[in-house]
Amino acid sequence: FIIIIIPFISYPYLIRVVGSENFGLVVYALSITAFFKVFVKFGLEIPAIKFVAESASNKSELSKIVSTILILQLLFFVIGILILTLLIFIFSQFKEIQYILYFSYFFILCEILSCLFLFQGLEKMKYAVISNAISGIFGLVLIFIFIQSESDYIYIPILQTTSLLVGASYSLWIVFFKEGLVFKLPSKIDCKKYLKESFPFLVSRFGLVFNSEISILLLANSVSMQYVAYYDLIKKIIVALRTPSSIITQAMYPYIAKTKDKILAKNIFYIGILVSLLLIGFVYAYGDHIVILLGGESMRPAIGPLTLYS
């Protein structure tokens, strides 16, 4: 509940203080780094969840899995930041927001260090929930303290990265102290195995992110950042409404992967469809009230597209 509600406490404050145009710049930067996130994570966490579930009682094997995933993703993170630096050097529109881009890029590092795949595979999602709650609450406090005027928009990704690092630190403490795993230098064979297993997920993830983020990139380069902010609000509402069913799916995936329970998987799928239909009806009926409550009168143009998007 905390994870769902925190963005809807910070968002109304941010959009009113920094304005839709400046907030749109931050969203634009995050949209660009979303493509880097796909590359850096490389889909590695998907097969890792299955391997963790299959080796849940073997600390040595778990240590090897975690170490391999961390090393590979950190390597891709370094490559990614070099590519980002090159793009900033080449394209003037990137250079204008280079600091926002760099700090937004470090969101990816926080996700890597959070080791979510391990908690999913071990069916210990309480640690991920606690980590997210710590990040969310700490980030909320930082936002209310440091974001006081329109010009403070540049600090938004810095504050969010700081709060995410706090949560990631908690996750690492759980992994290497509470769970007792140790870092092991991965072998070339293991690295190749994971890269081969994850490549199909990399391709599918890239397709999903392209469909999700291309609208923001087009709006930013053809209309204005204000329209990016409108679109972002619509997306946030839809994602929030889908979050409960998404959490259930993430929590049940390791169990289904381990037991191969097709009936349970089918039931979860049907429940997801039912919940989605109910939420679509809710947005259609109350979308205008939701938009005004979250974004204020200045975000009213988002009402029509929200109804269509839902």
Side-chain angles (χ1 to χ4, degrees), residues 27-55 64-87 90-91 94 101 104-121 128 186-221 231 235 238-239 242-243 245-247 249-254 256-258 260 262 265-266 268-269 272-273 276 309:
V27 173
Y28 177 53
L30 288 171
S31 182
I32 293 168
T33 56
F35 289 92
F36 285 94
K37 177 180 170 182
V38 175
F39 167 71
V40 171
K41 299 192 79 175
F42 210 82
L44 286 160
E45 68 278 9
I46 306 299
I49 293 171
K50 183 183 73 171
F51 294 138
V52 167
E54 293 170 349
S55 308
K64 188 165 70 171
I65 294 168
V66 170
S67 300
T68 304
I69 300 300
L70 285 177
I71 284 293
L72 287 173
Q73 290 186 338
L74 288 172
L75 175 62
F76 289 135
F77 178 83
V78 173
I79 295 172
I81 204 166
L82 293 175
I83 296 171
L84 178 61
T85 301
L86 181 62
L87 291 175
I90 295 172
F91 298 104
F94 287 178
L101 280 172
S104 297
Y105 183 82
F106 273 84
F107 282 21
I108 304 170
L109 177 62
C110 300
E111 283 205 25
I112 294 172
L113 300 179
S114 68
C115 298
L116 177 61
F117 66 89
L118 177 67
F119 302 138
Q120 286 182 269
S187 65
K188 289 183 179 179
I189 294 174
D190 285 333
C191 289
K192 288 180 180 178
K193 181 182 79 170
Y194 279 95
L195 290 173
K196 184 179 178 181
E197 288 271 351
S198 64
F199 186 75
F201 299 107
L202 167 68
V203 176
S204 63
R205 283 280 177 86
F206 182 82
L208 289 171
V209 169
F210 182 84
N211 289 333
S212 172
E213 304 300 330
I214 191 63
S215 297
I216 291 177
L217 299 182
L218 290 173
L219 286 170
N221 288 285
Y231 182 80
K235 223 167 93 169
I238 299 300
V239 169
R242 290 175 181 169
T243 297
S245 57
S246 176
I247 290 173
T249 302
Q250 285 183 6
M252 294 303 298
Y253 174 76
I256 293 171
K258 187 164 54 177
K260 315 296 183 187
K262 294 182 180 179
K266 190 182 293 185
I268 291 174
F269 175 73
I273 291 176
S276 296
Y309 191 76

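Excluded from the calculations below are hydrogen atoms, water molecules and symmetry mates; all remaining heavy atoms, backbone and side chain alike, are included.
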Roughly how far, to the nearest 0.5 Å, is [atom2] of [Y] from [atom1] of [X]?
| X | Y | atom1 | atom2 | value |
| --- | --- | --- | --- | --- |
| Tyr194 | Ile65 | OH | CD1 | 4.0 Å |
| Leu116 | Ile49 | CG | CD1 | 6.5 Å |
| Phe117 | Ile69 | CZ | CD1 | 5.5 Å |
| Lys188 | Leu195 | NZ | CG | 13.0 Å |
| Thr85 | Ile90 | OG1 | CD1 | 11.0 Å |

Suppose we screen for side chain to side chain donor-acceptor pair (under 3.5 Å). Which residues come up paired with Ser187, at least two apart in sequence or across chains?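 Partners of Ser187 under the side chain to side chain donor-acceptor pair (under 3.5 Å) test: Asp190.
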Would one find more than 12 heavy atoms of other residues, nucleotides or ligands at under 6.0 Å from atom CD1 of Ile189? no
Using every non-hydrogen atom in the two residues, find where [X] and [Y] come nearest and quote the distance to one decimal.
| X | Y | answer |
| --- | --- | --- |
| Leu217 | Ser31 | CD2-OG, 3.7 Å |
| Ser67 | Pro186 | O-CG, 4.4 Å |
| Gly80 | Phe36 | O-CE2, 3.4 Å |
| Ser114 | Phe119 | O-CE1, 3.4 Å |
| Phe35 | Phe210 | CE2-CA, 3.9 Å |

Given Phe77, which of Leu82, Ile112, Leu72 fulfils the side chain to side chain contact (heavy atoms under 4.5 Å, CB included) condition? Ile112
May I have all residue pairs that pass salt bridge (Lys or Arg N to Asp or Glu O under 4.0 Å) and include part of residues 196-213, sequence neighbours excluded?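 Pairs touching residues 196-213 that pass the test: Glu45-Arg205, Glu213-Lys235.
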Please examine the side chains of Thr33 and Lys37, heavy atoms only from C-beta on, and report whether any two atoms are closer than 4.5 Å. no
